[in-house]
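So you know, we letter chains A, B, ... as the sequences are listed, proteins then strands, and number each from 1.
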Amino acid sequence: MPATFRFALNDLPPEAEGLRAEVREFLKKEFSGAAPVKRAKSWGGFDREFSRRVGARGWIGMTWPKTYGGHERSFLERYVVMEEMLAAGAPVSAHWVADRQSGPLLLRFGTEEQRQRILPGIVRGELAFAIGMSEPDSGSDLASIRTRATKTEGGYLVNGTKVWTSNAHLSDYAISLFRTQVVPDKKHEGLTQFLVDLRNTKGITIRPIIDLAGKHHFNEVNFTDAFVPDEARVGNDGDGWKQVTTELGFERSGPERYLSSIALIRELVREVSAKPDDRGTEAVGRMVASLATLRQMSTSVAGMLQAGEPVNLEAAAVKDVGTTFEQSIPELAHALLDVEPTLDSGSDLQQVLGYITQTAPSFSLRGGTREILRGIIARGLGLR
Amino acid sequence: MTELRSLLGDTVTRLFTDLATKELIEAAEKGTWPDKLWRALEEGGLTLPLVPEDAGGAGGTWLDAHVVVRASGRHQAPVPLAETIVAGWLLSRAGLAVPFGPMTLAPVHADERLTLARSAGAVTVSGRATRVPWGRHAEHVVAVSELDGRLTVALIARGAATIEEERNLALEPRDTLVFRDARVVAFGAADVPADAIYLYGAMARAAQMAGALDSCLTQAVRYATERKQFGKPIGNFQAIQQSLAVLAGHVAASGIAAESAFRAAERNDARFEIAVAKVRVGEAAGVGAGIAHQTHGAIGFTYEHSLHFATRRLWSWRAEFGSENAWARQLGRAVAARGADALWSDLTAR
Ligand SMILES: Cc1cc2nc3c(=O)[nH]c(=O)nc-3n(C[C@H](O)[C@H](O)[C@H](O)COP(=O)(O)OP(=O)(O)OC[C@H]3O[C@@H](n4cnc5c(N)ncnc54)[C@H](O)[C@@H]3O)c2cc1C
């Protein structure tokens, strides 16, 4: 195996463990009565008030410089906050994307003015971000996007359509990838990222796309001669591909890529605990073996982030192994129990199973499909 | 990484690369004891990483030992290195001198016992232990049993046993040893779990399997870039790339699961991590061996090719020192006893 693919054991430092207790205490006060099915939504839940309270505790932008309102804490402390939020099923969506990728992107590639204008609001939990990458004809082949940003006086005129834009209807900004130049046969060139103000830009229309469960969470975002000023450009004109790859590295690196089914895992353990026979304990043992191993892999990636090492390859591996695991949990429930998944009736287990069953297909799509991630791993192995 | 660890890692890799050749493994499979390899391991200070320096060992930690055990699996070294390492540790824990030569552990099954008894001023051992690794070649057997109501580590000469020779899929000796009131060489009380052999044996096998899985991946990736069909290396085909990526995921998971068990062993409280490792790596062994073979086509199905040295070991090792099911039940029972709401906090406390 090439040396580029290495998972080193990583210990979370004592200060991170102290922080864990604080986060737990906070979450206990916030949710002690919440129904399991509500917690199952986890990073699908959007609650600005909650995000503000998280911000007030200093748990957003934790690793960012103090100049921008950040807290200059370690990636490992941030990791502890993230995994505790996910494990508790906290509705973190209103700050998750900004904290995970949009803020770090601005820190790395944004202008000083953008950082000063935007980052403190993210840190307070007041600014929610969406991700404007996918288009109707460009999913996995992201570099093929066609939404055009044409240079004009003082800025760009944008025309085209983004899709699957999660929470665009609830967010303030979307870091969006547009084509500023068409370079024949070189689709990776001529791409540029922009900090698009979703609330105050004329020419943007946001329409709901209803998911299979009947819920409105993602959107179609249409741009018709939408004016985006020069100050909204992130990085140099034409550097978009390099930047978006970095952004995807952030997007894929966290514990949300293996913890999506944690609420169902908990209900399964509850069921088996009530009658711990051989079959049930065996299944729980196998499940926990995978869970514990993924946590080691994920904390290892956090250690690499802390050390400032590139994580794209390892993050792809955790996401691939992690989403396969998450998706196996509803299958396990069916193999083990005689239980029908339900929407809003029946036991907690049934409802959580119902929710996870209908969400599970997305685990290996969002943030890059299984096939694309395996392609990244294969490249790391030297096969591509 | 500590200095000792990288020294051990370099030494063991060099030594196995030079000596644990295909010819040597083949000879071992026909019954030849690889004396030269064993002596080189002893001279290189690799057989007793956990024994204190003043007792002739390397004075290292379990994480140091991990490097050696993992490498022995990666190179499919046909010697009881893992067994000797665990045996040496047990003897040191009991304050006993550690002899030279290969050692083994018995019994390896959770439901077998060797009985220690006092008779005429000596301590004797009786009982039957099946599937003892390398029984016929080990110079000593280390057992853990009760004596005078205390857990006791006993050092027994192999000559004290009647031996029925058997072997596992990888043609490694797995012998039945029968003791009838045989005198033990040395004994001492030790603060170790009653199932220490089963426990640490499982941990060693997990690391060996992780090593053998590394070897499967390396061989499969190399083969995929060399073998051409339809005018190009088979590694250019997306189907092959995708399944090797799956294998790589299992290899990564196995490596960290095994290593974290060794780290926990350093804290003396590794039952959870060992169960996790044995189960997770065992699952990876099944899937991983399958993918490695599929990638190799018919050539990998021949005795002439080297892939089977790794895969036959994986198929046997996953069932040794407790099956995945047995370890999963042990883990699952512990988790169930603590209850659903303790799961996450228990996990993060590890
Ligand atoms: C719940 C959810 C939320 C999302 N939120 C956002 C968001 O906020 N912002 C955003 O920009 N996007 C978002 N997405 C979109 C997501 O990034 C895309 O779904 C993903 O990149 C795949 O694109 P696609 O759906 O067009 O599928 P396609 O790319 O058309 O793929 C369809 C199938 O073909 C396979 N395939 C494609 N190319 C290859 C290849 N080269 N080799 C082998 N197989 C291939 C894929 O793996 C997949 O199985 C979201 C998606 C989901 C499900």
task = First locate atom CD of Glu266(B), then atom OG1 of Thr61(B), and finally report the distance between them rounded to the nearest 0.5 Å.
result = 4.5 Å
inquiry  = So for Ala8(A), is it side chain, backbone, both, or neither that comes closer than 4.5 Å to the heavy atoms of chain B?
reply    = backbone
message = Does anything in residues 251-262 of chain A reach chain B? List residues with heavy atoms under 4.5 Å apart, or say none.
response = Tyr258(A), Leu259(A), Ile262(A)
request  = Nearest 0.5 Å please: distance from the CD atom of Gln294(B) over to the CD1 atom of Ile240(B).
outcome  = 7.5 Å
key: Heavy-atom proximity to chain A below 4.5 Å, by part of Arg263(B)   = side chain
ask   = Is it the backbone or the side chain of Glu283(B) that comes under 4.5 Å from a heavy atom of chain A, or both, or neither?
value = side chain
request  = Measure the spacing between CG of Leu27(A) and CE of Met85(A) and express it to the nearest 0.5 Å.
outcome  = 5.0 Å
message = Report which part of Asp277(A) has an atom under 4.5 Å of a heavy atom belonging to chain B: side chain, backbone, both, or neither.
response = neither
request  = Let me know if Arg24(A) has heavy atoms under 4.5 Å from chain B in its side chain, its backbone, both or neither.
outcome  = side chain
query = Using non-hydrogen atoms only, which part of Arg20(A) is less than 4.5 Å away from chain B: side chain, backbone, both, or neither?
reply = side chain
ask   = When heavy-atom pairs shorter than 4.5 Å are enumerated against chain A, which of Leu63(B), Leu343(B), Asp341(B) gives the highest number?
value = Asp341(B)
message = Looking at every non-hydrogen atom in both residues, tell me the closest pair between Thr311(B) and His308(B) and how far apart they are.
response = OG1-CA, 3.2 Å
request  = Let me know if Ser243(B) has heavy atoms under 4.5 Å from chain A in its side chain, its backbone, both or neither.
outcome  = neither
key: Glu371(A) versus chain B, the contacting section by heavy-atom distance below 4.5 Å   = both
task = Could you check Glu84(A) against Leu19(A) for side chain to side chain contact (heavy atoms under 4.5 Å, CB included), going step by step and ending with a plain yes or no?
result = CA-CA 10 Å; Glu84(A) 287 301 321; Leu19(A) 177 60; over 6 Å; no
task = Select one option (side chain, backbone, both, neither) describing which atoms of Glu267(A) are under 4.5 Å from chain B's heavy atoms.
result = neither
task = Give the intermediate values and the outcome of salt bridge (Lys or Arg N to Asp or Glu O under 4.0 Å) for residues Asp214(B) and Arg70(B).
result = CA-CA 9 Å; Asp214(B) 279 344; Arg70(B) 175 97 155 250; 3.6 Å; yes
inquiry  = Counting C-beta onward and ignoring hydrogens, is there a side-chain heavy-atom pair between Val68(B) and Ile85(B) closer than 4.5 Å?
reply    = yes
message = Under 3.5 Å, is there a donor on one side chain and an acceptor on the other for Arg370(A) and Gln327(A)?
response = yes
ask   = What distance separates Glu83(A) CD from Trp344(B) CH2, expressed to the nearest 0.5 Å?
value = 4.0 Å
ask   = Are any non-hydrogen side-chain atoms of Tyr223(B) and Ile299(B) less than 4.5 angstrom apart?
value = yes
note = Distance col, row Thr299(A):OG1 vs Asp11(A):CG, nearest 0.5 angstrom, shows 8.5 Å
inquiry  = Out of Glu282(A), Gln296(A), Arg374(A), return the one with the most heavy atom pairs under 4.5 angstrom to chain B.
reply    = Glu282(A)
query = With respect to chain A, which residue among Pro233(B), Ser254(B), Ala257(B), Ser260(B) yields the maximal number of heavy-atom pairs within a distance under 4.5 Å?
reply = Ser260(B)
Region of Ser300(A) that comes under 4.5 Å of a non-hydrogen atom in chain B = side chain
query = Under a 4.5 Å cut-off applied to non-hydrogen side-chain atoms, are Leu15(B) and His75(B) in contact?
reply = no
note = Minimal heavy-atom distance between Phe321(B) and Trp327(B), with the atoms involved, is O-NE1, 2.7 Å
query = Going by residue number, which parts of residues 285-295 of chain A are within reach of chain B, meaning a heavy-atom gap below 4.5 Å?
reply = Gly285(A), Arg286(A), Val288(A), Ala289(A), Ser290(A), Leu291(A), Ala292(A), Thr293(A), Arg295(A)
ask   = Strictly by modelled atom types, are Gln208(B) and Arg205(B) linked by a side-chain donor-acceptor pair under 3.5 Å?
value = yes
ask   = With side chains defined as the heavy atoms from C-beta onward, is the minimum distance between Asn325(B) and Arg329(B) less than 4.5 Å?
value = yes
task = Measure the CG-CG distance between Asn236(B) and Leu383(A) for me, rounded to the nearest 0.5 Å.
result = 8.5 Å
note = What one should report as the nearest heavy-atom pair of Ala210(B) and Val281(B) is N-CG1, 3.9 Å
inquiry  = Under a 4.5 Å cutoff for heavy-atom pairs, which residue among Val284(A), Leu9(A), Val269(A), Ile377(A) has the most contacts with chain B?
reply    = Leu9(A)
query = Measuring heavy-atom distances to chain A, does Ser215(B) have an atom under 4.5 Å in its side chain, in its backbone, in both, or in neither?
reply = neither
